[in-house]
There are 2 protein chains.
Amino acid sequence: MAKKRASITDLAQQLNISISTVSRALSGHSAISEATVKRVTALAKELGYQPNSLASGLRKGRSNMLGVVVPHIDGNFFSQVVKGIEAAASKAGYHVLICQSNEDVVHERANVETLMNAQVEGILVSLSRTTREMRHFEKVRKRDIPLVFFDRILDGFDVNAVVLDDRAGGYRATKHLLEQGYRRIAHFTGPQHLNIYKLRRQGYEDALREYGLPVAEDLILLGDMKMDDGSAGMRQLLTLPQPPDAVFSGSDFSAAGALQVLTERGLRAPEDIGLVGFSNELFSRLTAPQLTSIDQHCELMGRSATSLLFQIMQEREQHYAPRHVVLQPDLFVRASSLRLGQPA
Amino acid sequence: MAKKRASITDLAQQLNISISTVSRALSGHSAISEATVKRVTALAKELGYQPNSLASGLRKGRSNMLGVVVPHIDGNFFSQVVKGIEAAASKAGYHVLICQSNEDVVHERANVETLMNAQVEGILVSLSRTTREMRHFEKVRKRDIPLVFFDRILDGFDVNAVVLDDRAGGYRATKHLLEQGYRRIAHFTGPQHLNIYKLRRQGYEDALREYGLPVAEDLILLGDMKMDDGSAGMRQLLTLPQPPDAVFSGSDFSAAGALQVLTERGLRAPEDIGLVGFSNELFSRLTAPQLTSIDQHCELMGRSATSLLFQIMQEREQHYAPRHVVLQPDLFVRASSLRLGQPA
DNA sequence: AAAATATGCGCAAACGTTTGCGCATATTTC
DNA sequence: GAAATATGCGCAAACGTTTGCGCATATTTT
């Protein structure tokens, strides 16, 4: 029943030396004789001594903690990013405090507040879907707490960020469909104030224009990117006088929803309608047919965001201009869009 | 360039009152005049004062942090459990520190160590696949740090835990197949030292026995529960002189792998072979045919584990006997196992 | 042999809180 | 009008570390 945790003071008393010596011995500090170091570490192990990181954090003005705010932690994308963040952080001896905004800017505000008084040394944020302004990050900047955004950012705010080249993703997805001979390509997109959907759409339009094709407003469906939105979208597209021959969906979920509607109606991908999703979700290999999709390198994004944060933490005083890291997406071609066979 | 964070001392100085008064004013403590409370909170807001939780934690001997160790944070199951944990914890004013063991007992050991000196007030653990003994949790118990396991536990250790009734899950899955008229049912299972796979298998065997059917060793395949294991398993089953007419897989992933092999071979579920998975992964609604599966109520498990932990934290001194919470799984019947049509 | 340097350690302050105790002043009680 | 009580606040210690400074003793240099 060893209730009280042993402290550095206990060690000092039992060894009849000062606490400063114990502290230095344990931290491998400069000039402590090997003999004392050994005595100290021996007793430390015996008593199962664990340094109190709150105390040391208080004294050193550091907490060894990073804060993360994500819209939600489940789902493929964010859980993988967080995996990357945790891996990178713990390698550097940092802990990770995780908060979910639940796609709600009110929560998000509370989250950054709560992270700040947890004394985190840096904050990683992916904006909630309902975030349309950045005032709640002012305080963070005032306090000089390093701040890095990832994936979702807001237009017109100059911030440190690691993002995917979503435009390139949209472009490559669409171009792939074009190369497969599809010519009337629809697009499912999401809230346009979010960089990710806006850029995917831009890439889509760029590719169309490159092929001299019109951008038809009735082929661009705005939704919430869930499965149901995909199903609804596909149903709507099928009612058009001139339905599309392919769909590039800004999310795998709506692509899957669309796919289900196709199957219900006895239509087939890629023969009747080509289909490309976005995110390369786990299930994209499991649908029938398997779903062509854009991979976002989620875990890498987490690691990159964390190293960027570390960089900024080190350069602390020098206020460099905000930095952007842009990750290139990859196209994973699968059956749902392969009408002509695998390209070379 | 507001470098230094305002502290309680700064407030006290600017208001010409003592820091104790400020502290009490801010914490709504007993006997401070309303007037002073107002003055204090006003200035606090003006200076953007944030309490330093390290200092307060140090003084109060509390950190307001919970530690979580999971095998990995990505994937449907754990990310949802963690979501539940985070939700419950933050509602109670707690932060969550997350560690990944990467299915490696060595990491796991390091994780609990690191959580302990982060001064977490309680720890939630789901064991790594390679964990076969529990010595590394002795220290936690010695320190009287409340400890709750979830989902994965080891046989023969009396610990606080929130688990799924995996036996019931296995039983219901198998019984469902039996009710659909399948009689030669194979089973994919995982490492047997893990309660979850062992129990699912037990449920499977119980159901067979209830129907007076033999438990055939060559129909029980031990693997790692990934997609590939499922594909390999199904291939192997198909080489049997008398192949099964159904498979109950201990994981949706191997079920999906099996399904792919069926499709390749031109076999169909549920007509040729019935298929039931486990975990009700997101993709189980997206395969063709959709996959019947057992839902584990992941998020609920996270919330339950957290409340159990809180209970134990409160009863601290009284050492009650370890408690178990057992969650009941749900069967989600989908096309992959529906040979006779939906039961009443 | 005295002076300079190196080595090993202790003292005490500091980090920002919380809290038991005590001390004034203001209010109530007889 | 004196004594008892209530109200509002301050003092100072404590939580467990880290660290600048200084002081001995041991070692090297002149």
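Every heavy atom of this structure was used, including side-chain atoms; hydrogens, water molecules and symmetry mates were not. Computed from a prediction, not measured in an experiment: that's the story for all the values here. Below, chains carry the letters A, B, ... as their sequence lines are ordered, and counting in each starts from 1.
Taking for each of B/Ala55 and B/Asn16 the nucleotide of DNA chain D with the nearest heavy atom, the 5'-most of the two is the partner of B/Asn16. Toward the 5' end of DNA chain D, the nearer of the two residues B/Val37 and A/Tyr49, judged by each one's closest nucleotide, is B/Val37. If A/Ser33 and A/Ile19 are placed on DNA chain C by their nearest nucleotide, the residue sitting closer to the 5' end is A/Ser33.
Other residues, nucleotides and ligands contribute over 12 non-hydrogen atoms within 6.0 Å of the CD atom of A/Glu138.
Atom-to-atom, CG of B/Asp10 to P of C/dG16 comes out at 8 Å; the value is rounded to the nearest Å. The CG atom of A/Asn52 sits 17 Å away from the P atom of C/dT17 (whole-angstrom rounding). Separating the CG atom of A/Asn64 from the C1' atom of D/dT17 is a distance of 13 Å, rounded to the nearest angstrom. What separates CG of B/Leu47 from C1' of C/dG16 is a distance of 15 Å, to the nearest Å. For B/Leu58 and D/dC15, the CG to C1' distance is 4 Å, given to the nearest whole Å. With rounding to whole Å, B/Leu26 atom CG is found 13 Å from D/dC9 atom P. In this structure, the CG atom of B/Asn117 is 19 Å from the P atom of D/dC15, given to the nearest Å. Rounded to whole Å, atom P of C/dC15 lies 19 Å from atom CD of B/Gln50.
For the pair A/Ser23 and D/dT18, the criterion of a side-chain N or O lying under 4.0 Å from OP1 or OP2 is met. In this structure, A/Thr21 reaches the C/dG10 phosphate: one of its side-chain N or O atoms is under 4.0 Å from OP1 or OP2. For the OP1/OP2 pair of D/dG10 and a distance below 4.0 Å, the side-chain nitrogens and oxygens of B/Ser18 include at least one atom meeting the criterion.
In this structure, B/Phe157 has its ring center no closer than 6.0 Å to that of B/Phe149.
Of the nucleotides present, D/dC9 is the one that pairs with C/dG22 by Watson-Crick or G-U wobble criteria, both distances under 3.5 Å.
Among the nucleotides C/dA12, C/dT18, C/dA13, the one closest to any side-chain atom of B/Lys60 is C/dT18. Distances from the side chain of A/Arg24 to the nucleotides C/dG10, C/dA13, C/dG16 place C/dG10 closest. Proximity note for A/Thr36 (side chain, C-beta onward) versus C/dT17, D/dT18, C/dG8: the nearest is C/dG8. Residue B/Ile8 has its side chain nearest to C/dT18 when only C/dC15, C/dG10, C/dT18 are considered.
Look at A/Arg303 and A/Glu299 and you find a salt bridge, because one of the NZ, NE, NH1 or NH2 atoms lies within 4.0 Å of a carboxylate O, short of that distance. Between B/Glu108 and B/Arg135 no salt bridge is recorded (no basic side-chain N to carboxylate O distance below 4.0 Å). Ion pairing between A/Glu46 and A/Arg39 fails under the 4.0 Å rule for side-chain N and carboxylate O.
Between the side chain of B/Ser7 and the base of C/dC15 there is no donor-acceptor pair of N/O atoms closer than 3.5 Å.
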